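Quantities reported herein were computed from a predicted structural model and do not represent experimental measurements. These values consider heavy atoms only, across backbone and side chains, with no hydrogens, waters or symmetry-generated copies.
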Amino acid sequence: MRIRIINAGGDTAFRVALAGHRMTITHTDGFAVQPIDTEALLIGMGERYDVLVTLKDGVFPLVALAEGKKAVARGLIRTSRSASAPKAGLRPHELEGGVLRYAKLRPAEAVRLAPKNPDRTIKLELTGSMMTYDWGINGKKYDPKIISAIRAGERVRLSFVNRTTMWHPMHLHGHTFALAEAGIRKDTAIVLPNTRLDVDFDADNPGLWMIHCHNVYHGESGMMTLLGYRQT
């Protein structure tokens, strides 16, 4: 069975597991990866994963645990008419098992970004706090006059540096990128608290494009900026 998991939430990450099963990750954000098994998957706002599961006989809860919260969403996968559904409060032990991280993923050869040193690096510091709710990039709230300039044909590196105690799923419009270390192709990637994440993309889609946090409240508060192509 193929399952496509999409986090359409505005401010919640989910830990996802299917009771009694392991999942084989095949794609992230629509791009193929070298298949890898996991017990649980952590998916940030805006991220998508495709998984394959070899189903057993019975009734099994597919559970999405709201990370850092108490809420749980649940659906049932039934392969037997005679089996009874488990109690609604059941939490699969797989939720406490190994959670897949980017570092364990590798891109399929067909989607791997060709090796090339960045022509330009743009440093984007993620700033703000829950106390003052002053989320921003490079210490500033979104200002449409602030545009990071690039040129068509460049290999551009975005260096996200998270100066906050929260984690931010960062999204780039108009392009997909490759994580500099893992190499996997994505358009949305989690930047953990007090860490740095470098991503590379080819400037092949001229225009004015948004970069923002996919936590909608952070984005609307100011954690957004613009990327624009020079015309000359």
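Within a 6.0 Å radius of OH in Tyr217, no more than 12 heavy atoms belonging to other residues, nucleotides or ligands are found. Taking a 6.0 Å sphere around NZ of Lys116, one finds it holds more than 12 heavy atoms contributed by other residues, nucleotides or ligands. Atom CZ of Arg196 has 12 or fewer heavy atoms from other residues, nucleotides or ligands within 6.0 Å. The neighbour count for Lys69 NZ, taken as heavy atoms of other residues, nucleotides or ligands under 6.0 Å away, is above 12. Heavy atoms of other residues, nucleotides or ligands lying less than 6.0 angstrom from CD of Glu181 number 12 at most. Around CZ of Arg4, the count of heavy atoms belonging to other residues, nucleotides or ligands within 6.0 Å does not exceed 12.
When every heavy atom of Thr38 is checked against every heavy atom of Val99, the shortest pair comes out as OG1-C, 4.2 Å. Residues Ala203 and Ile150 approach most closely at CB-CD1, 3.9 Å, considering heavy atoms. Of all heavy-atom pairs spanning Ile190 and Leu197, the tightest one is O-CD2, 3.6 Å. Closest approach of Pro193 to Trp167, counting heavy atoms only: CD-CB, 3.5 Å. Closest heavy-atom contact between Pro86 and Pro61: CG-CD, 3.8 Å. The nearest pair of heavy atoms linking Val16 to Ala64 is CG2-CB, 4.2 Å.
Checking Leu158, Asp187, Thr176, Leu113 one by one against Val199, the side chain to side chain contact (heavy atoms under 4.5 Å, CB included) holds for a single residue, Leu158. Partner Arg155 forms a side-chain hydrogen bond (donor to acceptor under 3.5 Å, both in side chains) with one of Thr121, Asp202, Asn117, Asp200 and no other, that one being Asp202.
Leu65 and Val51 are not part of a single hydrophobic cluster, where members link through side-chain heavy atoms under 4.5 Å apart. Taken together through direct or relayed side-chain contacts under 4.5 Å among Ile, Leu, Val, Met, Phe, Trp and Tyr, Ile36 and Phe31 form parts of separate hydrophobic clusters. Val191 and Met210 are members of different hydrophobic clusters when ILVMFWY side chains are connected at heavy-atom separations under 4.5 Å. Tracing side-chain contacts under 4.5 Å through hydrophobic residues (I, L, V, M, F, W, Y), one reaches Phe201 starting from Val33; they form part of the same cluster. No single ILVMFWY cluster, assembled from side-chain heavy atoms under 4.5 Å apart, contains both Ile3 and Val63.
Distance check: Ile43 CD1 to Ile5 CD1 gives 6.0 Å after rounding to the nearest 0.5 Å. With rounding to the nearest 0.5 Å, the separation of CG in Leu192 from OG1 in Thr165 is 12.5 Å. One distance of note links CD1 of Ile122 with CG of Asp198; it measures 12.0 Å at 0.5 Å rounding. Taken from NZ in Lys186 to CG in Leu179, the straight-line distance is 7.5 Å, to the nearest 0.5 Å. The distance from the CG atom of Asn138 to the CD1 atom of Ile146 is 8.5 Å, given to the nearest 0.5 Å. Atom CD1 of Ile137 sits about 12.5 Å away from atom NE2 of His218, to the nearest 0.5 Å.
Side-chain contact between Met23 and Tyr49: absent, with no pair of heavy atoms (C-beta onward) separated by less than 4.5 Å. Side-chain contact between Met45 and Val216: absent, with no pair of heavy atoms (C-beta onward) separated by less than 4.5 Å. Contact annotation: the side chain of Ile211 approaches that of Phe160 to within less than 4.5 Å [non-hydrogen atoms, C-beta and beyond]. Side-chain contact between Thr188 and Arg48 is present, with heavy atoms from C-beta onward closer than 4.5 Å. The shortest distance between side-chain heavy atoms of Asp29 and Glu47 falls below 4.5 Å. Residues Met170 and Leu124 are not in side-chain contact: their nearest non-hydrogen atoms beyond the backbone lie 4.5 Å or more apart.
In this structure, the ring of His214 has its center less than 6.0 angstrom from the ring center of His212.
Between the side chain of His175 and the backbone N or O of His173 there is at least one donor-acceptor pair closer than 3.5 Å. Looking at Arg78, its side chain does come within 3.5 Å of a backbone N or O of Ala83 through a donor-acceptor pair. His21 places a side-chain N or O within donor-acceptor distance of the main-chain N or O of Ala19, the cut-off being under 3.5 Å. Not a single donor-acceptor pair under 3.5 Å links the side chain of Glu94 to the backbone N or O of Ala40. Side-chain atoms of Tyr229 come within 3.5 Å of backbone atoms of Asn205 as a donor-acceptor pair (strictly under, hydrogens ignored). Using a distance-only test at 3.5 Å, with no hydrogens or angles considered, a donor-acceptor pair links the side chain of Thr127 to the main chain of Gly139.
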Q) What's the verdict on side chain to side chain contact (heavy atoms under 4.5 Å, CB included) for Thr28 and Tyr102, showing C-alpha distance, side-chain angles and the deciding distance? A) CA-CA 10 Å; Thr28 176; Tyr102 294 150; 5.7 Å; no

### Message
Quick one, Arg2 with Asp50, criterion salt bridge (Lys or Arg N to Asp or Glu O under 4.0 Å). Give me CA distance, side-chain angles, the key distance, then yes/no.
### Response
CA-CA 7 Å; Arg2 180 179 183 176; Asp50 288 22; 2.5 Å; yes

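Salt bridge status for Lys141 with Asp134: absent, with no side-chain N to carboxylate O gap under 4.0 Å.
Judged as a side chain to side chain donor-acceptor pair (under 3.5 Å), and not counting sequence neighbours, the contacts of Arg112 are Glu109.
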